[in-house]
Structures are given as C-alpha cells and as structure tokens.
Amino acid sequence: MNGIEYQLITRADELPALLELFSHASAVGLDSETTGLDPHTSKIRLLQFSFPGRNILLDVFELPSDSLKPVFSFLENPALTKVAHNAKFDAKFLRSNFGVHLNGIFDTYLSSVLVGAGSEIDRHSLEASVQRLLSISMNKEAQLSDWSGHLDKYQLEYAAHDSEVLLPLRDALAEKLNEMDLNVIAELEHECLPSIIDMEFRGVYLDQQRWTDRISIVRRECDAVSLSLKEELGRASSQMSLFDSGISVNLDSPHQVRDALLRLGIDVDSTSEWHLTRMAGDHPIVARLLTYRSLSKSLSSFGEGLLEFVNPSTKRIHADFRQIGTPTGRITCSSPSLQQIPHGIEYRSCFRAPEGRRLVVADFSQIEMRILAELSNDDALLKAFRLREDLHRSTAAQMYGIPLTHVTPHLREKAKGLNYGLVYGMGAEGLAARLGITVEEAGALIDRYFAAYPGVDRWLRRAADLAIDEGRARTASGRLWVFNLDPLNREEHGQLRRVGKNAPIQGTGSDIFKRAMTITSNRLKGSDAFIVNSIHDEIVVECDQATADETAKIVNQSMIDAGSEFLFRVPIEVDVSVTDCWE
DNA sequence: TAGAATCGCCAC
DNA sequence: AAACGTGGCGATTCTA
C-alpha cells in the first residue's frame with residue numbers, strides 16, 4: 001500500500017480541479033472517513049474521490065461548507081455514477097451532515113452479495129471482495145483510528161487506497177453480474193437502495209414511557225411465576241424433608257429444567273415449547289413453566305434493551321436493515337430487529353405516530369400463495385384468488401368437494417396448515433406434528449390437497465427436481481441462489497428439495513416487496529410521508545394526520561403496481577389501515 | 001475468559 | 001433426533 005498517490009484538498013481554491021474531473025467522468029469511486037458510526041451524532045472528516053489514476057481527498061473539517069456545494073450537486077446528480085461499498089453508510093452521513101441525497105449509486109457491497117449467490121463462505125467486506133475479485137490485499141488497520149484530529153500520512157494513504165480500489169472492483173463485479181445474468185436483479189436492488197437509506201435515516205418513533213410501563217408489569221408477573229417455579233422445581237423429590245433447602249434451579253437452562261422435572265416424575269423428551277405444550281394439560285407446573293418462558297422472553301428480548309436503541313439526537317430508533325439479508329433476497333433487520341416485535345398490542349402499540357402524525361400500515365395479502373398460483377398456473381388456485389375467495393376456506397372446499405358454505409372452522413384450519421406448510425416443502429410427518437394427527441392421516445390430507453391443486457403438485461415436484469439437477473434456483477427477477485447442499489447426501493437431498501420449492505416463492509416475494517419499497521418511496525418523495533419500517537410483506541409509513549388518507553391510497557396503489565409487475569394471472573390485494581399505532 | 005456453538009423463540 | 005423455508009437474538013454451555 002505504500003506509495004499511493006493522492007491529493008489532499010484543504011482549501012476552497014483547490015476544488016475546481018476536482019470539479020473538472022467530475023465533469024468529464026462517468027463514474028467516480030466514493031468513500032468517507034467519519035468520527036464515528038452514527039450519522040446523527042458523528043461527522044464526516046474525509047471525503048475520498050477516485051478517478052482512474054487520480055485519488056482526491058477532501059478534508060471536510062478544513063473546507064468551508066459553502067465551497068462544497070458544487071461537489072454536492074455532482075453527488076446528487078444521477079448522471080454521474082458514484083461507486084461505493086455499502087453506500088448506505090456514506091449516504092446517511094452525507095444526508096445528516098450536509099442534507100445531501102446521494103444519487104446514481106453503484107454499490108459494490110450489494111453487487112458482491114448478489115454475485116455471491118447465497119454462499120455462506122463468501123464474505124463481502126471491502127477487504128474480502130477486493131481480495132477475491134482483484135487479488136489485492138488491503139490493510140484495514142487504520143479504519144478504526146481517530147479521524148477527528150491531525151491525519152498522518154498513513155491514514156491518508158489508507159483513505160486513498162480505500163477509494164482507489166472501487167472503480168476496478170466495480171468493473172470486475174459488473175462483468176460478473178453480466179456473466180451470471182444478474183443485471184435485472186442488480187438494477188432492482190440499486191433502485192431500492194435509496195428507500196432503505198431513507199427508512200434508516202428517518203427511524204421509527206417509540207413511546208418510551210408506554211414501553212417502560214409495560215415492562216414493569218411483565219417484570220412483576222415474571223418474578224412471581226419464577227419464585228413459585230423455583231420453589232417447586234427445587235424440591236429434590238416429593239418426599240423431601242421440610243428442613244432441606246432444596247436445589248437451586250436455573251429456569252433459563254433447558255438442561256437444569258429437564259433434570260428438575262425428572263425429579264418430580266415428569267419425563268419430557270425435550271424442553272422445547274412444542275413438547276412442553278403437549279404435557280401442559282397433564283401437569284400444571286409445565287403450564288406455568290411455559291408462562292415463565294413467555295414472560296422472560298418478553299423481558300430479555302423486548303425489554304429495557306430496546307430503549308438503548310433510541311438515538312440521543314433524533315429520539316427515534318434507527319435500526320440496521322441489511323438489504324440482501326437472506327439468499328432469497330429478504331431484507332433482515334438488527335440493532336434492534338424491528339421485524340420480530342411480537343404481534344401483541346402491548347408491544348406494537350408502543351411504536352406509534354408522534355403527535356399530529358399517523359401511521360399507514362400496509363401488507364400484501366397472501367402474496368406467497370399468489371406467487372405459487374402464478375408460477376404453477378394451477379386453475380383452481382388461480383380461480384380462488386380471481387373470485388377473491390377466502391383462500392383457506394376455498395382450499396377446504398376444493399379438497400372435500402363441498403360448497404364454500406359447508407366448510408367448518410376445523411376444516412378451514414386444516415387447509416390453512418397445508419397452504420402454509422406446503423410452500424415450505426413440508427412432508428406428511430411435519431403436517432402430522434403440526435395438526436396433531438397421525439402420519440397416515442396427514443398423508444391422506446396431502447393427497448387430497450394435491451388432487452384439488454394438481455398444478456401446484458406438478459410445479460412443486462419440478463421445482464424440487466430442478467434444485468436437485470442444477471443445484472441452484474432463481475427468482476422472477478433472476479436472483480440466484482447456488483445451494484451448498486450435496487444431492488447425494490441423504491439428509492441434504494431432502495433439504496435441497498424443500499429449499500428448491502421454497503426459494504423461488506419466497507425470493508419472488510422479496511423481488512415484489514423491494515419493488516414496492518422503491519415505488520412507494522418514490523411516490524412519497526417531497527411529501528410529509530416516509531417509510532419507517534418494512535417486514536417482508538408489510539410497509540409502515542408515517543405521515544401527517546391531514547394527508548393520511550391520501551398517503552394510504554398512494555401506498556396501496558404502489559404495492560399493487562409492484563405486484564402487478566410480476567403477477568399477471570392473479571390479482572394483488574393489499575390490506576391497508578390508517579392508525580395511531582402499529583397494530 | 002472471550003468467542004463459538006447450541007437451544008429456544010420472536011417475526012414473516 | 002427430526003420431522004416445513006428464511007432470519008435475529010438472548011441465555012447458557014462448550015471450547016480453545
């Protein structure tokens with residue numbers, strides 16, 4: 001890395017040289033060094049721009065803000081491609097520090113993930129991607145150095161090198177994307193990126209007081225249950241002497257709980273929820289153990305920890321959304337995971353609209369089953385959606401050859417289990433366990449199901465066969481997942497067939513959802529409304545009270561339009577509600 | 001003793 | 001044991 005050439009700009013009169021380079025370039029490598037990781041409380045120190053053979057570093061601390069205006073207009077201009085690795089990071093800082101909206105992004109991180117095609121081995125840090133695609137070793141030691149004071153030559157060379165590699169990396173990735181037929185999905189991801197940046201930047205509002213109040217109620221309940229359980233489980237046996245102090249049992253340890261139950265004569269195969277639930281009817285203590293589990297889960301995962309994510313500057317929660325979080329393309333969320341807040345009103349009602357604002361909550365109705373209908377072209381399934389029937393009721397009617405009105409709640413429940421389970425590649429054993437019936441009965445149900453939906457049967461078989469034959473699957477937009485499973489291995493063979501059925505469905509769901517994010521975000525631009533959360537098939541938008549109905553219409557239509565880009569034989573339905581809180 | 005592995009459970 | 005797919009994450013337990 002030694003001997004990297006760079007030009008450090010610290011004076012406004014040096015900027016025209018950079019602008020000259022901008023005006024003749026079609027693409028520029030972009031990177032930034034910041035004083036911290038939080039865009040709302042940290043500052044950009046250095047902005048690095050790389051052109052072929054030229055690395056320019058801007059010392060933002062030295063340059064007057066006004067002088068940077070022409071630079072920013074290039075950053076906002078989509079005609080100039082900005083090549084960045086995980087552009088989300090730099091974009092949020094440009095937004096918070098200068099109000100600049102980065103446009104025209106080529107993200108080498110997202111591209112590297114797409115090219116990786118779901119490989120668990122490939123890492124996608126700049127260092128790893130550059131090593132893999134350009135065979136260049138990078139030294140990232142300076143990354144965590146102090147960027148707020150005097151910058152030494154070592155830091156500046158590091159900064160220059162970080163942006164210098166971006167254009168060659170882009171070229172290598174663009175070639176790979178092309179070779180692997182990933183151009184369509186790459187465009188979809190890049191178009192979606194600004195909506196993710198905006199969502200993270202805006203954050204979501206949490207009513208902290210309400211959250212705290214709920215926690216203290218749960219804590220009291222949990223302590224009471226815990227105390228009685230420990231006392232009871234601590235007994236060495238039913239004939240324990242009064243003077244025995246008992247055994248201390250850690251209720252959070254599955255191992256200790258299992259031993260304690262055994263001492264009381266309750267033999268459980270496993271302490272998992274599923275097994276315990278089966279025994280809860282016979283043993284009140286098992287039922288209370290389940291109550292404890294639920295309360296303690298609530299406190300540990302959804303307790304005070306969440307409050308630490310409230311940003312001191314914005315007073316909102318800015319979670320980390322990984323745009324390509326799974327090989328199927330789903331977005332995942334962490335720090336905190338806003339995608340796994342429990343459904344209960346007591347949790348979600350804490351995520352609400354601030355004073356004078358409203359939330360628009362919109363989710364795709366049965367999107368994965370609609371995708372299955374489209375892909376399989378199954379007449380009966382298509383018909384159910386076209387007639388806007390209740391899917392599970394319709395499935396039950398099809399299976400038993402009875403009118404819709406004759407479907408009992410029990411039959412509907414069975415049909416629902418099949419509809420949900422089969423897109424995940426479920427077999428007779430799994431269905432039997434889920435519905436509490438024998439494997440034979442489950443097998444008969446599955447036969448009935450596939451007799452009602454022969455097209456679905458054919459499609460699922462073909463999808464599984466394809467996964468075995470080719471070892472890969474693609475979504476509607478061409479997103480690729482190369483499976484790391486051996487079809488000759490007995491266990492992995494089954495897994496391969498299941499994932500082969502599910503991946504195109506779940507993945508096409510992701511494609512549709514990302515288009516929905518993109519279109520929604522674009523149509524809300526310039527209004528008072530913005531996306532604050534996204535959960536696989538649900539978009540949560542915050543807006544002014546006065547415009548809530550209009551916003552709801554826009555979100556609804558955007559999602560329908562997105563779905564209609566992919567599904568032609570089946571209508572898209574979106575459930576939209578305007579509320580004060582996320583429920 | 002820090003990090004990895006595992007269990008268990010939340011979401012879709 | 002596991003038995004339907006994709007994740008994140010907290011607590012415990014294992015391991016270098």
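All chains are named by letter (A, B, ...) in the order of the sequence lines, taking the proteins before the strands, and each is independently numbered beginning at 1. The model shown is predicted, which means the values in this text are computed figures rather than measured ones. Hydrogens, waters and symmetry mates play no part in the numbers below; they use all other heavy atoms, side chains included.
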Taking atom C1' of C:dG8 as reference, at what distance in whole Å does atom CG of A:N533 sit? 14 Å

Nearest-nucleotide comparison on DNA chain C, the residue closer to the 5′ end among A:F309 and A:E429: A:E429

Qualifying residues under side chain to side chain donor-acceptor pair (under 3.5 Å), relative to A:T395, sequence neighbours excluded: A:N419, A:Y453

Donor-acceptor check, side chain of A:H40 to backbone of A:P312, threshold 3.5 angstrom: yes or no? no

Can you list every pair that meets salt bridge (charged side-chain N to carboxylate O under 4.0 Å, His left out) and has a residue in residues 436-456 of chain A, with sequence neighbours left out? none

Could you tell me which residues satisfy side-chain contact (heavy atoms from CB on, under 4.5 Å) with A:F309, sequence neighbours excluded, listed by chain and number? A:I317, A:S335, A:P336

Taking any heavy-atom pair under 4.0 Å as a contact, classify A:G427: base, sugar-phosphate, or nothing. sugar-phosphate

So if I take residues 469-502 of chain A and measure heavy-atom distances to DNA chain C, which residues fall below 4.0 Å? A:W481, A:R498, A:V499, A:N502

Non-neighbouring partners of A:S125 that pass side-chain contact (heavy atoms from CB on, under 4.5 Å), sequence neighbours left out: A:E127, A:A128

Sequence neighbours excluded - side chain to side chain donor-acceptor pair (under 3.5 Å) pairs with any residue from residues 251-260 of chain A: A:D252-A:Y292

Could you tell me the separation between the CD1 atom of A:I446 and the P atom of C:dA3, rounded to a whole number of Å? 15 Å

Nearest 0.5 Å, what's the CD1-CZ distance between A:I531 and A:R202? 10.5 Å

Touch check for A:Q256, heavy atoms < 4.0 angstrom, all strands: base, sugar-phosphate only, or nothing? sugar-phosphate

To the nearest Å, how far apart are A:M426 CE and C:dT6 C1'? 16 Å

In whole angstrom, give the distance that lies between atom CG of A:L299 and atom P of C:dA11. 10 Å

Is the terminal nitrogen or CZ of A:R462 (NZ for Lys, CZ for Arg) located under 6.0 angstrom from the six-membered ring centre of A:W459 and within 45° of that ring's axis? no

Closest contact, heavy atoms only, A:S558 versus A:T520: CB-OG1, 3.3 Å

Nucleic acid contacts - residues 505-516 of chain A versus DNA chain B, non-hydrogen atoms under 4.0 Å: none

Any salt bridge (charged side-chain N to carboxylate O under 4.0 Å, His left out) pairs touching residues 327-352 of chain A, not counting sequence neighbours? A:R330-A:E368

Can you measure A:F364 atom CZ to B:dA11 atom P for me and round it to whole angstrom units? 21 Å

Residue pairs, two or more places apart or on separate chains, that pass side chain to side chain donor-acceptor pair (under 3.5 Å) and touch residues 496-519 of chain A: A:E189-A:K514, A:E191-A:R515, A:T328-A:Q506, A:D465-A:R497, A:T475-A:D511, A:S477-A:D511, A:R479-A:D511, A:N502-A:Q506, A:R515-A:E565

Same-atom distance (P) from C:dA2 to B:dT6, integer angstrom: 11 Å

Could you check whether A:N250 gets within reach of a base, just the sugar-phosphate, or nothing at all, counting any heavy atom under 4.0 Å? sugar-phosphate

Provide, to the nearest angstrom, the distance between the CD1 atom belonging to A:I324 and the C1' atom belonging to C:dT6. 15 Å

For nucleotides 2-8 of chain B, give me one character per nucleotide, 5' to 3': B if any protein heavy atom sits under 4.0 Å from the base, S if the only such contacts are to the sugar-phosphate, - if neither. -----SB

A:Y347 OH to B:dA11 P: how many Å, rounded? 9 Å

Output the residues of residues 329-344 of chain A in contact with DNA chain C, where contact means a heavy atom of the residue under 4.0 Å from an atom of the strand; sort by number or write none. A:R330, A:T332, A:C333, A:S334, A:S335, A:S337, A:Q340

Residue pairs passing the salt bridge (charged side-chain N to carboxylate O under 4.0 Å, His left out) test where at least one lies in residues 412-427 of chain A, sequence neighbours excluded: A:D390-A:R412

Donor-acceptor pair, A:H493 side chain versus A:N489 backbone, under 3.5 Å? no

What's the NE2-P distance between A:H536 and C:dT6, to the nearest Å? 13 Å

Is A:S253 close enough to C:dA11 that one of its side-chain N or O atoms is under 4.0 Å from OP1 or OP2 there? no

Atom P, compared across C:dA1 and C:dC14: separation rounded to whole Å: 15 Å

Which heavy atom of A:G303 sits nearest to which heavy atom of A:I215, and what is that distance? C-CD1, 3.4 Å

For A:R258, which contact category applies under a 4.0 Å heavy-atom criterion: base, sugar-phosphate, or nothing? nothing

Taking atom CD of A:E187 as the centre, does the number of heavy atoms from other residues, nucleotides or ligands within less than 6.0 Å exceed 12? no

